[in-house]
Structures are given as C-alpha cells and as structure tokens.
Protein chains: 2
Amino acid sequence: MITVNALSEVAALMGDPARAAMLQLLMDGRAHTASDLALTAGITAQTASGHLSRMVEANLLAARAQGRNRFYRLASTDVAHAIESLMALAGRRAEPASKTAAWRRDPDLRFCRTCYDHLAGQVGIAVTDSLTQHGHLEPKGPRDWKLTGTGELFCQRLGVDLAGAKKAGTRHFARQCLDWSERRPHISGALGAAIADTFFKKGWAERLRRGRTVRLTDSGRRALSRDFGTSV
Amino acid sequence: MITVNALSEVAALMGDPARAAMLQLLMDGRAHTASDLALTAGITAQTASGHLSRMVEANLLAARAQGRNRFYRLASTDVAHAIESLMALAGRRAEPASKTAAWRRDPDLRFCRTCYDHLAGQVGIAVTDSLTQHGHLEPKGPRDWKLTGTGELFCQRLGVDLAGAKKAGTRHFARQCLDWSERRPHISGALGAAIADTFFKKGWAERLRRGRTVRLTDSGRRALSRDFGTSV
DNA sequence: ATAACGCTTCGGCTGCGGCCGAACTATTGG
DNA sequence: CCAATAGTTCGGCCGCAGCCGAAGCGTTAT
C-alpha cells in the first residue's frame, strides 16, 4: 500500500457521511458495538463492518472483541482532537438561518459535553477560564498550558488525581483543545481528563445514556461557584 | 443547501488527493495562483478551478483577484490547525517497516530543508528559538513576529539583507510557519527568506540538487554556535 | 487591434467506492 | 444439537464526483 498523500487518506476516511456519523458518536469517548454504530449511521451491519475495518486499519479506531460483540472506540485523543478541529471549521460557516445540523444547535450539547475524555462546552470553558484567571494555568507554547504551583495545590484540594495524570506515558499533560461551540480553547490532555473524572466521581456531572451530552448536577453548580468562583 | 453532516462535508473536501495537495502547498501561509496550485496537484487548470471554488464556498480558502491572476490562500489559522492535526494523525501511523511515505521518515529532510524560501526542520527551529530566546523576535498577532531593536542590530551584524526584506511588497515580514516535523512554528516571511539567503550566501548551508533537503556545512555549525548560541 | 494568457463554465465520459442481499463464521443459550 | 444473535466476506449494482476537451470571458502585453 503506497501512501500517495497521507492527509487526503485520513480526511477521506472522515469525509464519508456514514463514517463521520460513527465518529461523532464515538466522540463521547466510550466504546460502542458495531450494530450500535451501524444504527446510528443509518446503514446495514455489513456496510458498517467495512467502514469500521477501514478505520481500524488506518488507526483511527481501536477494536476489542468481547463475547459475540465487538466494541469500537477512538484510537487516541489525537483522533478526537482532529475531529474536534474539523467540526470547529464546519461551525464557522456563516450560513445564518440555514438548516445547520440539529445536533449543532442542541443547547444541552453546547452547554456541557464530553470531548473524548474531558469536559467541553460552556462548562468546559468556565472551568478552563477559572483556572487561567486564578493563575493556576499559564500558557506554554502554542498549544499547551503549564500547571503553576498554586494550580497544583488547587487540584490536590479538589481531589484531582494529579499523580495518575502525570504518569500518563507520552500523552500531553495540559493541552489546549479548540471548543467548537464556544470557539475558544478548553483544557484537555491528561489533566483535562483527570478534572473531568473528578466531576463525574464527585457527582458534579453525569453522562446521559446516549451521546456526548453531560448534565451538570446541582452540586456541580455549587462546586463551580464555591471552588472555581464562576458560574454558568 | 441542506447540511446533513457538517463534519463529513469539511473532511470530504480535504479528502480528495488533488485538493489535499493544494491545501498542503497553501500551508506555507502564502497565497498561490490557481495555475500554481493546479500544477502542484497534477491536474488541469479547469479541474483545479472547480476544486478551488468549492473550497472557497466552504470557507476553507480565501480568494483575491489581482490582474489576470487569482490568488488563493487558507481562509484562517483554524483551517491550518485542522490540516495540521490531520497530518499528525497520518504521521502517527505506527506501521514500523511499512511504506509510510519515504519523505516523511527521511532524517536529513527532518534535520534541515527549505520551506519554499526559508529554513525548516531542526535547523529552522533552532534559528527561530535562538532569535526568540535572545529577545530578537517578539510575538505579534497570532501568526507574526516583530523584529525588536536588538533583533535589527543582530541581523545587520549577521549580514542579513534587512532593507531588501522590508521593501518586499505585500509580503509578510516575519511570519510564523508551522513546521511539520518539529510541530512548532519557525520563522518565515520576507525575514525568514532573507535569513535563509544569508545561510546560503555565507556557505553555512547548501541545497541538495534534488528535493528540498538542505545540508548544514561545518562552518554553518560553527555559525550556529558562535552567532546564535545554539546547536543542533 | 490582435494575440497571448489566466481562469472559469459547460458537457460528457469514466471509475471508484458506498450500498445491499446472500452466504458464512463464531459465540451464546436452550 | 439446533436456533438465535453479532459480525464478516463476497459479488454485483449504481450513482456521484473527478477528470478533461472545448469554448468563453476578462486582463495584459505587443
């Protein structure tokens, strides 16, 4: 297999409506069965199977067999990041009242969602802004942040698993991820994931059954106000 | 125009080999003529014209007519960012011995090459970092640098043709250009070109006959150490 | 004026790739 | 065992989109 143009190959994979629909479902960071993905994409199982193999082959997805099911998930945060940045582009189209896809207008999704394994939407931005405004995060390079001393302290008090986040192999620690609905960067990387975990563990937020939408609980609202000094 | 799936539409645009080739050429941040782009993509002018209109329509590119030429450039840094993250995915394919495009693994190319008319690769980054760390370059806007007072002095001492670079029409003076191998911006624009010229004129670097690879000479290494206070 | 050039539009050809039906494998459960 | 479920492979159909030749339009050069 001779690679003529690496960019076009990856983009073409994401460029098919059925595959794109599957990828968007997988943006919740969870693993889904082949049938589930086929249903979402509105195609038959055999067609979906072909799409999925191709995406695994290209390292966009990872597959794991379990019983008679096969679960697929995004292969890495890089994949999620690429998808997110493409969606940001799409959102930018200044078509005013036109039929922009429904999911794009869903207020709940814009309010809070998972972006692979970290928080996005208004809540993700609120958390990120709070961290930078209090001097817990400082810009470092074009696409990263640095956690300051006070930031470490803050995270420890909050119960964020910093140790776990720091020993995460080659993964970026505090990465900027462009939020497609808010059009500004929110915190991702190992730290972003650890913060999101804290939100879920403490019952501040809960994932909805299907899709990427996340609900901020009442205690979550209180935590935002009390611990982050912000509100949404 | 009904938008079924915003992600797939944008991705599909980038997923055509001809369009991808054009986009990659435009990743230098400069504007190129339609014919130039057609030539790069290996297609006829009329085919290219169709591709270009579609990408303008989708807000991926911006077009500007000038005389009997039409210049196209990337519409925004977001577009460049999306392309970069897709290329990062492609590069990441961990096929060890496989035919990942040869040019992508060539260590000499990663070490030093021309990016059109300025230096890229480890050497390009080393030069850029030296300039910023010594306070000769300061960030200005999202994609430019400003040459400071000490920077002007430094360039003059080095023998860089600043006067020539400054009177270069509409061209950006000190532009950030994202380095695909180092994943960080290096200096481009008129100043970047002038600096590269200096390297070639003084015999610090020489272009190889074929391709974009550049060889750093021994005197080039000495100059990096002596004048730039860095090494590669 | 006339020619050359750069780019676009139109029309028609062609091939790639997505799609499904049918058939096959593997796991689970009765 | 046999049936049901989940997934894959194969073969063939079909439409879309990319491609080019031809022709047209506006700009620049001579």
Side-chain angles (χ1 to χ4, degrees), chain A residues 1-26 30-58 60-73, chain B residues 1-26 30-58 60-73 169-170:
Chain A
M1 178 227 300
I2 178 165
T3 298
V4 198
N5 187 333
L7 168 61
S8 73
E9 291 188 1
V10 181
L13 277 175
M14 299 183 177
D16 175 78
R19 285 192 294 261
M22 299 183 187
L23 288 170
Q24 291 190 31
L25 175 58
L26 292 168
R30 292 184 262 194
H32 295 262
T33 64
S35 351
D36 199 2
L37 292 162
L39 190 68
T40 302
I43 53 180
T44 58
Q46 60 275 35
T47 305
S49 176
H51 286 315
L52 291 168
S53 324
R54 287 184 59 185
M55 292 196 281
V56 168
E57 164 76 14
L60 290 187
L61 301 185
R64 189 168 53 93
Q66 189 174 316
R68 57 183 169 189
N69 291 313
R70 269 192 101 187
F71 285 87
Y72 291 88
R73 57 176 178 78
Chain B
M1 178 226 303
I2 179 167
T3 297
V4 198
N5 186 331
L7 168 61
S8 73
E9 291 188 0
V10 181
L13 277 175
M14 299 183 178
D16 174 78
R19 284 192 294 261
M22 298 183 187
L23 288 171
Q24 282 178 311
L25 175 57
L26 291 168
R30 292 152 68 183
H32 293 262
T33 64
S35 353
D36 198 1
L37 291 161
L39 190 70
T40 302
I43 55 181
T44 58
Q46 60 272 35
T47 306
S49 176
H51 286 315
L52 291 168
S53 326
R54 288 185 58 186
M55 291 194 282
V56 168
E57 166 75 13
L60 289 187
L61 301 186
R64 189 167 54 93
Q66 189 174 318
R68 58 184 170 189
N69 291 312
R70 266 192 104 186
F71 285 87
Y72 291 87
R73 59 178 175 77
T170 73

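Numbered from 1 within each chain, the chains take letters A, B, ... in sequence-line order.
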Given side chains that start at C-beta, do those of B:Met55 and B:Leu52 come closer than 4.5 Å, heavy atoms only? yes
To the nearest Å, how far apart are B:Arg54 CZ and C:dT9 C1'? 16 Å
Which distance, rounded to the nearest 0.5 Å, do you find between the OG of B:Ser49 and the CG of B:Leu37? 11.0 Å
Could you give the CZ-to-P distance, from B:Arg64 to C:dG6, as a whole number of Å? 17 Å
Between CG of B:Asn69 and P of C:dC5 the distance, given in whole Å, is 13 Å
Nearest whole Å is fine: how far is D:dC16 P from B:Asp16 CG? 17 Å
Within the structure provided, determine whether A:His51 and A:Leu61 are in side-chain contact (heavy-atom separation under 4.5 Å). no
At under 4.0 Å, does any side-chain N or O of B:Arg19 touch on OP1 or OP2 of D:dG18? yes
Just so I know, are the side chains of A:Met14 and A:Leu60 near enough to count as touching, which here means a heavy-atom distance under 4.5 Å? yes
Applying salt bridge (Lys or Arg N to Asp or Glu O under 4.0 Å) as the test, list every pair that has at least one member in residues 34-46 of chain A; sequence neighbours left out. A:Asp36-A:Arg210
Side chain to side chain, B:His32 and B:Leu26, heavy atoms closer than 4.5 Å: yes
Heavy-atom pair of closest approach, residues A:Ala41 and A:Ala18: CB-O, 3.6 Å
Say you draw a straight line from OG of A:Ser8 to CG of B:Leu13; how long is it, rounded to the nearest 0.5 Å? 13.0 Å
To the nearest angstrom, the CE-P distance between B:Met55 and D:dG18 comes to 11 Å
Could you tell me whether the phosphate oxygens of C:dC19, OP1 or OP2, come under 4.0 Å of any side-chain nitrogen or oxygen in A:His51? yes
Show the distances under 3.5 angstrom between N or O atoms of the protein and N or O atoms of nucleotides 8-12 of chain D.
unit_1: D:dT8; atom_1: OP1; unit_2: A:Arg70; atom_2: NH1; d: 2.9
unit_1: D:dT8; atom_1: OP1; unit_2: A:Tyr72; atom_2: OH; d: 2.8
unit_1: D:dT8; atom_1: OP2; unit_2: A:Ser49; atom_2: OG; d: 2.7
unit_1: D:dT8; atom_1: O5'; unit_2: A:Ser49; atom_2: OG; d: 3.0

For DNA chain D, whose closest nucleotide is more 5', that of B:Thr44 or that of A:Phe71? A:Phe71
I need the CG-P distance between B:Leu39 and C:dG6, as an integer number of Å. 12 Å
Mind calculating the distance between CG (B:Leu37) and P (D:dC19) to the nearest angstrom? 14 Å
Please produce a list of atom pairs where a protein N or O lies less than 3.5 Å from an N or O of nucleotides 25-29 of chain C.
unit_1: C:dT27; atom_1: O2; unit_2: A:Arg68; atom_2: NH1; d: 3.4

With no hydrogens and no angle check, is any side-chain donor or acceptor of A:Arg19 less than 3.5 Å from a backbone partner on A:Ala12? yes
